[in-house]
Amino acid sequence: MTLHISVFSGAGQLAAALTDDVAQRLRRAPTLVLGLPTGRTPLGFYRRLVHVSRAAGADFSHATTFNLDEFLGVGPGEPGSYRQYMERHFFRHINIDRRRIHFLDGAAADPRAECERYEAAIAAAGGLDLQVLGIGANGHIGFNEPAERLAARTHVVRLRPGTRQANAALFGGDVARVPRHALSMGMATILHARSIVLMATGGEKAACVSAMVDGPLTTRTPASFLQLHPDVHVMLDQAAARKLRTDHAGG
Ligand code: PGA
């Protein structure tokens, strides 16, 4: 067992601990380069981080962000885009320099070139200091879906039906409107971050968390590759930790 695991009594405690961690890292290194996730899980974290930032406890004016993924064919101004999710829940409420917000453009005319541009932008920023991750119930990280082969670098992915279903809320609850493809950082893009924090809450994540932590490395559970990384903190609530083989310390 190589991953550092903390189990919190609830999602609120987890979000508070992650907020403290990020605020502290920002104080130590104001030019922090952050990789950021979307989804339901990080909402409490973003809410708290906005709160701390308003109370002058987190200064984003010199920080840089790169989001993990974006839907293909969805422009940055469209309501279903992850860019709009981030604006709504985070960016519009903090003092980040907008030139340092980086996003994959889902509407790019040449998606492959867009992926290469993103890799180059991450490299030009000096690489990711901290990548924050959620995990899909199928074990995906970013949009790296379970498959026979995983892509190393930012690439175009085909979304699994369950993943499209999980994102239906962004498209008026209509799964048919969720794009079939997305752009996502690859496994190596994520694994090259200097530090990684993965958060998971709720019983529907218990099986993928167990496969990630206690299972073998397998492309069928992309998150299992995090076992290769020397600095990963897995933050769980009790429901998501339920299937772990061993007990882990509280956070
Ligand atoms: P969720 O998504 O936070 O909405 O469960 C996590 C993910 O798919 O990475």
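Remember, it's 1-based here, ligands and their atoms both numbered in the order they're listed.
Ligand 1 lies less than 4.0 angstrom from a heavy atom belonging to K205.
Contact detail for F143 and S184: the closest heavy-atom pair is N-OG, 2.9 Å. What you find for E70 and G106 is that their closest heavy atoms are CG-N, 3.9 Å.
Between F71 and Y82, the angle of the ring planes lies from 30° to 60°, which puts this pair in the tilted group.
Atom OG1 of T219 and atom CG of L150 lie 5.0 Å apart (nearest 0.5 Å).
Of all atoms in ligand 1, listed by their number and element, those nearer than 4.0 Å to a heavy atom of G39 are 3 (O), 4 (O). Within the listing of ligand 1, atoms 9 (O) sit less than 4.0 angstrom from a heavy atom of G134. Numbered from 1 in the order shown, with element, the atoms of ligand 1 that lie under 4.0 Å from a heavy atom of G136 read 7 (C), 8 (O), 9 (O).
Among all non-hydrogen protein atoms, the one lying nearest atom 7 (C) of ligand 1 is H140 NE2, 3.4 Å. Here the heavy atom of the protein found nearest to atom 3 (O) of ligand 1 is T41 OG1, 2.4 Å. Of the protein's non-hydrogen atoms, R40 N, 2.8 Å is the one closest to atom 4 (O) of ligand 1.
Under the 3.5 Å distance criterion, the side-chain polar atoms of H93 are left unmatched by any main-chain donor or acceptor of S53.
With a 4.0 Å cut-off on non-hydrogen atoms, I135 touches ligand 1 through its backbone and not its side chain.
Heavy atoms from other residues, nucleotides or ligands lying under 6.0 Å from CZ of R88 number more than 12.
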